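These figures come from a predicted structure and were not determined experimentally. Whatever order the structure lists ligands and atoms in, that order sets their numbers, starting from 1. Positions are given from 1 along the sequence.
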Amino acid sequence: MARASFITLEGIEGAGKTTCMAQLRLLLKQAGIGFLETREPGGTQLGEDLRQLLLGHKHTGMSDDAELLLMFASRAEHLQQKILPALDNGQWVLCDRFTDATYAYQGGGRGIAYDRIRNLEDWVQQGLKPDLTLLLDLPVDLGLERAGKRSAPDRFESEAGMFFEKVRQTYLDLAAREPDRIKVIDASLTLDEVLAQITSTMNHFLSHHQS
Ligand code: TMP
């Protein structure tokens, strides 16, 4: 049996992450794989407190660098307390967002240089990267329309459409750079079609990582 895998899910707001997480959960259960399900920012007590600061409206004018560093503070805690111990124990990890979101939102959206994020990634993760990342891609207008039907917008959801155009493009650039790890799912299709893409991507991954 190969070592435990680290799987992440990414996409702009309204891409359907919640539904796709449920499908991934089901597929791992059906495959008899023990896993930890978690999210970023968050996943630990400190991380969830940082999430409130990052997503809430208390610090609307937070500086871009503070935002970036808080994302990595949450990630450092998450890796030490949850992710690495789980993987060491043979448990797979299914994480709702990870460092690709930092490149997309703080890099693409806020305009922080790629290399600065790369330095923090190297420092905090010391080479650890997801084994598989599913990127739910869809036009920004469609995503925002879907997201708008939910509850009051958080600090990121309050950004303008142009911010999310840059986030989306950065995600696609990352996928083009690392096609073996990041699999793009067309999330503009019907729910059945999106779930079918998730299933086939996961089945392909499982067939290569379980023997
Ligand atoms: P969500 O997980 O409910 O989608 O909300 C998390 C928000 O935080 C989302 O708008 C993306 C944002 N985010 C970043 O900006 N950078 C990051 O590194 C992560 C993990 C999330």
Quiz item: So does R118 pair up with E121, basic N to acidic O under 4.0 Å?
Solution: yes
Quiz item: Could you walk me through whether D64 and R116 pass the salt bridge (Lys or Arg N to Asp or Glu O under 4.0 Å) check?
Solution: CA-CA 12 Å; D64 295 347; R116 298 189 79 189; over 6 Å; no
Quiz item: Looking at residues at least two apart in the chain, or sitting in another chain, which of them share a salt bridge (Lys or Arg N to Asp or Glu O under 4.0 Å) with E193?
Solution: none
Give one line per pair: atom of ligand 1, protein atom, distance. Only N/O to N/O under 3.5 Å.
| from | atom 1 | to | atom 2 | distance (Å) |
| --- | --- | --- | --- | --- |
| ligand 1 | 2 (O) | K17 | NZ | 3.4 |
| ligand 1 | 2 (O) | R97 | NE | 3.3 |
| ligand 1 | 3 (O) | R51 | NH2 | 3.0 |
| ligand 1 | 4 (O) | K17 | NZ | 3.2 |
| ligand 1 | 4 (O) | R97 | NE | 3.0 |
| ligand 1 | 4 (O) | R97 | NH2 | 3.0 |
| ligand 1 | 10 (O) | E13 | OE1 | 3.0 |
| ligand 1 | 15 (O) | Q106 | OE1 | 3.4 |
| ligand 1 | 15 (O) | Q106 | NE2 | 2.9 |
| ligand 1 | 16 (N) | Q106 | OE1 | 2.8 |
| ligand 1 | 18 (O) | R75 | NH2 | 3.1 |
| ligand 1 | 18 (O) | T102 | N | 3.3 |
| ligand 1 | 18 (O) | T102 | OG1 | 2.6 |

Quiz item: Of the non-hydrogen atoms in E159 and F164, which two are nearest, and what is the gap between them?
Solution: O-CE1, 3.5 Å
Self-check item: P139 to I12 - nearest heavy-atom pair and separation
Solution: O-CD1, 4.3 Å
Quiz item: Looking at A175 and V184, what are the two nearest heavy atoms and their distance?
Solution: CB-CG2, 3.6 Å
